[in-house]
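Remarks on the structure that follows.
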Amino acid sequence: MSGVVTGDAVVLGLQPARLPSRALAVLIDLVVVWAAYVLVMIGLVVATASLDEAAVAAVSVAAFLLVLVGAPIAVETLSHGRSLGKKACGLRVVRDDGGPIRFRHALVRGAMGIVEILMTFGVVACVASLVSERGRRLGDVFAGTLVVRERMPAARVLPVPPPPPWLVGRFAGLDLSAVPEGLWLEIRQYLTRARELDPGVGRQLAERLAGQLVARTGTPPPAGVPAEAYLAGVVAERQARDARRALAEAGGGVGVGTGAGVWTGTGTGVGTGAGVPGGFGGGGAGVAPAAAVPSGFSPVAPPVQPSAGPSAGPSAGPRTGAPPASAPAVGSSREDGPPATGFAPPA
């Protein structure tokens, strides 16, 4: 992969096209162009049969330049770097910063292509492409372009094997913030292909990766835990954390619904308000908001119990067990509401 830096300082991972694919694309383009040139020349021979030799030579040179030079330049400009051969091979010409090419880039590549490809039968272009680190010919160097692969083979994604059951949750307190993404990628690749490796080579690779992971986390693995199981357990813990973080960002927390609810405490109150729907209090006094008590219903105080002893007379104080008349009933929706009607709704 070639690290192409864009104008916004973004590094693009592009795979440059190498000599075999580029040679095949150029061969396809040359076959198409020469076929078109032969057809044009046959038509010109028929059309210029009555002209003199100078006129025929001028028309032949113009046809050569238009078909073999101008046509490829026009095709690359209009298709943004995708000629017929490059499209068939999955290639594309881009600028050094990864952007689409323009007319000046195609013009420089086409002009240099006359010398590199047509006049030297492609020898100069092949040598330059082999010497270049990114497989560029001289036309690409002068034009500031790069031929890259557009179609990449789909990589087969293998699942990471789960850790042993006795290691699940053992690394919940491990600090994984200092582990780079490159090390995670190496560990994942090792775990997905550990069964395909030689046992000795796989064990050495697992111990090396485990040592790097311990150096980043600062916590050694538990005693007696193999390196492969340790790596699998740490990767599973990281995946679990990523899943919890994604779920928290998507859900935004737990919401509490608003609807009709029954609040039951020492007194009984039925109403509609904010609360947990269908919830029943289990022992404390449930105090509902003012809007929670419908009209016509009011929680009442417990009835007055008769005194066990003789009455002290008409002017005696309140009987034993009767609450003061001014005390609000527990579970009442308002402190200074209407007087009790003596009717209590069923719980």
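Across all non-hydrogen atoms, the minimal contact from I117 to A125 is CG1-CB, 4.2 Å. When all heavy atoms of L91 and A17 are compared, the pair lying nearest together is CD2-CB, 3.6 Å. Considering all non-hydrogen atoms of both residues, L146 and P16 come closest at CD1-CB, 4.3 Å. Smallest separation of non-hydrogen atoms from V33 and P72: CG2-CG, 4.2 Å. Of all the heavy atoms in G202 and Y190, the pair that sits closest is O-OH, 3.2 Å.
Side chain of T192 to backbone of Q189: a donor-acceptor contact under 3.5 angstrom is found. Here the side chain of R95 pairs a donor or acceptor atom with the backbone of P100 at under 3.5 angstrom. Counting only distance, with no hydrogens or angles, the side chain of E116 and the backbone of L138 share a donor-acceptor pair below 3.5 Å. Side-chain N or O atoms of S79 include one that pairs as donor or acceptor with a backbone N or O of V75 at under 3.5 Å.
Applying the side chain to side chain contact (heavy atoms under 4.5 Å, CB included) criterion to Q204, with sequence neighbours excluded, gives no partner residue. With sequence neighbours excluded, the residues forming a side chain to side chain contact (heavy atoms under 4.5 Å, CB included) with A143 are V108, R109, T145, listed by chain and number. Taking Y37 as the reference, W34 meet the ring pair (Phe, Tyr, Trp, His ring centres under 6.0 Å) condition, with sequence neighbours excluded. Qualifying salt bridge (charged side-chain N to carboxylate O under 4.0 Å, His left out) partners for R82, counting only residues two or more places apart in sequence or in other chains: E150.
The CG atom of L191 lies 8.5 Å from the CZ atom of R188; values are rounded to the nearest 0.5 Å. Between the CG atom in L118 and the CG atom in L30 there is a gap of 6.5 Å [rounded to 0.5 Å]. Remark: C89 SG to I28 CD1 distance equals 4.5 Å, nearest 0.5 Å. A distance of 11.0 Å separates CG of L107 from CD1 of I101, quoted to the nearest 0.5 Å. For the atom pair OG of S21 and NZ of K86, the computed distance is 10.0 Å after rounding to the nearest 0.5 Å.
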Contacts table for residues 220-237: side-chain donor-acceptor under 3.5 angstrom, sequence neighbours left out:
residue, atom, partner, partner atom, Å
E228, OE2, R195, NH1, 2.7
E237, OE2, R241, NE, 2.9

Side-chain donor-acceptor contacts of residues 52-70 below 3.5 Å, not counting sequence neighbours, with atom names and distances?
residue, atom, partner, partner atom, Å
D52, OD1, A55, N, 3.1
S60, OG, V56, O, 2.7

For residues 161-180, dump all side-chain donor-acceptor pairs below 3.5 Å to protein atoms at least two apart in sequence or in another chain.
residue, atom, partner, partner atom, Å
D175, OD1, S177, N, 3.2
D175, OD1, S177, OG, 2.9

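Both W184 and L205 are part of a single hydrophobic cluster, where members link through side-chain heavy atoms under 4.5 Å apart. Residues L209 and L197 share a single hydrophobic cluster, defined by chaining ILVMFWY side chains whose heavy atoms lie under 4.5 Å apart. Put simply, M119 and I73 are part of the same group of oily side chains (I, L, V, M, F, W, Y) that touch within less than 4.5 Å, one to the next. By the criterion of side-chain heavy atoms lying less than 4.5 angstrom apart, applied directly or through intervening Ile, Leu, Val, Met, Phe, Trp or Tyr residues, V214 is grouped together with I187 in one hydrophobic cluster.
The side chain to side chain donor-acceptor pair (under 3.5 Å) analysis of residues 209-223, with sequence neighbours excluded, yields no pairs. Residue pairs meeting the salt bridge (charged side-chain N to carboxylate O under 4.0 Å, His left out) criterion with at least one partner in residues 30-39, sequence neighbours excluded, do not occur; the list is empty. Among pairs with a residue in residues 65-100, none fulfils ring-ring contact (aromatic ring centres under 6.0 Å, His included), at least two apart in sequence or across chains. Note on residues 14-34: pairs passing salt bridge (charged side-chain N to carboxylate O under 4.0 Å, His left out), not counting sequence neighbours, are R22-D140. Pairs of residues two or more places apart, or lying in two chains, never qualify as ring-ring contact (aromatic ring centres under 6.0 Å, His included) while including a residue from residues 101-124.
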R92 vs V147, side chain to side chain contact (heavy atoms under 4.5 Å, CB included): CA-CA, chis, key distance, verdict: CA-CA 6 Å; R92 182 184 181 185; V147 181; over 6 Å; no

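Side-chain contact between R208 and R203 is absent, with no heavy atoms from C-beta onward closer than 4.5 Å.
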